[in-house]
Amino acid sequence: MKVLLIISVIVLGLAFVGWLKYSDSEANTTITIDKQEVKKDTEAAVEKSKEVLEDVKQKASEVLDRNGEQTEAEDENVPEEPDEENKVRDFDTLKLQPEQKPVEQ
C-alpha cells in the first residue's frame with residue numbers, strides 16, 4: 001500500500017512539472033516522458049545550484065575575513081608577556097603559605 005502511494009505521488013509530481021504527458025484517443029492511450037523538458041530542467045537546476053554554492057562561498061569568505069580583522073584587533077588589546085627580567089625564576093622568592101595540619105581530637 002505504501003509503495004503504491006509513493007509511486008502515485010511521484011507520477012503526480014512528474015505530471016505537475018510537465019515531464020509526464022498523458023494523451024488519450026479512441027484507439028490509443030499514451031503516457032510520454034518529455035526527455036527534452038527533463039534535460040532542460042535538470043540543467044537549470046544544476047546552474048542554480050552552482051550559483052547558490054558560489055554565493056555561499058563568497059559570503060563565507062566575507063565572514064572569515066571579518067572574523068580575521070576582529071581577531072587582529074583583539075590581539076592588539078592583549079597584554080604582552082612579561083620580559084625575562086620580570087619573570088619569577090626562583091621558587092624561594094614566592095611567598096607560599098605553610099601547609100596546615102589537621103587538628104587531632
Side-chain angles (χ1 to χ4, degrees):
M1 183 66 183
K2 288 181 183 181
V3 173
L4 186 60
L5 181 63
I6 291 171
I7 291 173
S8 299
V9 169
I10 291 172
V11 169
L12 288 173
L14 291 173
F16 181 74
V17 296
W19 293 356
L20 191 66
K21 302 199 191 270
Y22 173 79
S23 63
D24 190 19
S25 66
E26 289 182 24
N28 294 327
T29 301
T30 308
I31 298 175
T32 308
I33 296 177
D34 190 350
K35 288 193 238 178
Q36 291 177 345
E37 187 72 24
V38 171
K39 186 176 179 180
K40 184 179 81 171
D41 289 347
T42 53
E43 287 173 352
V46 167
E47 286 300 315
K48 184 67 175 176
S49 298
K50 287 179 182 179
E51 291 173 12
V52 168
L53 286 174
E54 190 62 35
D55 288 344
V56 168
K57 181 180 172 183
Q58 182 180 4
K59 288 183 182 186
S61 178
E62 289 172 4
V63 168
L64 291 174
D65 288 344
R66 275 188 271 146
N67 284 344
E69 291 170 5
Q70 289 175 354
T71 303
E72 290 172 6
E74 290 171 0
D75 288 345
E76 292 173 1
N77 296 330
V78 174
E80 294 182 18
E81 289 187 28
D83 299 348
E84 287 294 323
E85 298 171 2
N86 295 333
K87 286 185 178 178
V88 176
R89 295 178 154 227
D90 191 2
F91 290 111
D92 293 336
T93 61
L94 294 174
K95 296 181 180 179
L96 299 175
Q97 298 292 327
E99 189 175 313
Q100 293 182 352
K101 296 183 181 179
V103 178
E104 293 182 24
Q105 295 181 353

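- Heavy-atom contacts from other residues, nucleotides or ligands closer than 6.0 Å to CD of E62 number more than 12.
- Under a hydrophobic clustering in which Ile, Leu, Val, Met, Phe, Trp and Tyr are joined whenever their side-chain heavy atoms come within less than 4.5 Å, directly or via other members, I7 and V38 fall into the same cluster.
- Heavy-atom minimum distance, V17 versus D41: O-OD2, 4.3 Å.
- Taking OG1 from T42 and CD from E47, the interatomic distance works out to 11.0 Å, rounded to the nearest 0.5 Å.
- With rounding to the nearest 0.5 Å, the separation of CD in E51 from CG in L53 is 10.5 Å.
- Note: the hydrophobic cluster containing V11 does not contain L5 (ILVMFWY, side chain heavy atoms under 4.5 Å, direct or indirect links).
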Task: CA sep, side-chain torsions, deciding dist, call: K50, E54, side-chain contact (heavy atoms from CB on, under 4.5 Å) - done: CA-CA 6 Å; K50 287 179 182 179; E54 190 62 35; over 6 Å; no

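- Of the inter-residue distances, the one linking Q36 atom CD with K39 atom NZ reads 8.5 Å to the nearest 0.5 angstrom.
- Hydrophobic clustering of Ile, Leu, Val, Met, Phe, Trp and Tyr side chains at less than 4.5 Å, counting indirect connections, keeps V56 apart from V63.
- Atom-to-atom distance recorded for K40:NZ and D34:CG is 8.5 Å, nearest 0.5 angstrom.
- Taking hydrophobic clusters as Ile, Leu, Val, Met, Phe, Trp and Tyr residues chained together by side-chain heavy-atom distances below 4.5 Å, I6 shares a cluster with F16.
- Judged by distance alone, with hydrogens and angles left aside, the side-chain atoms of S49 form a donor-acceptor pair with the main-chain N or O of A45 at under 3.5 Å.
- One distance of note links CG of D65 with OG of S61; it measures 4.5 Å at 0.5 Å rounding.
- Note on V3: it clusters hydrophobically with I10, by side-chain heavy-atom contacts below 4.5 Å among ILVMFWY residues.
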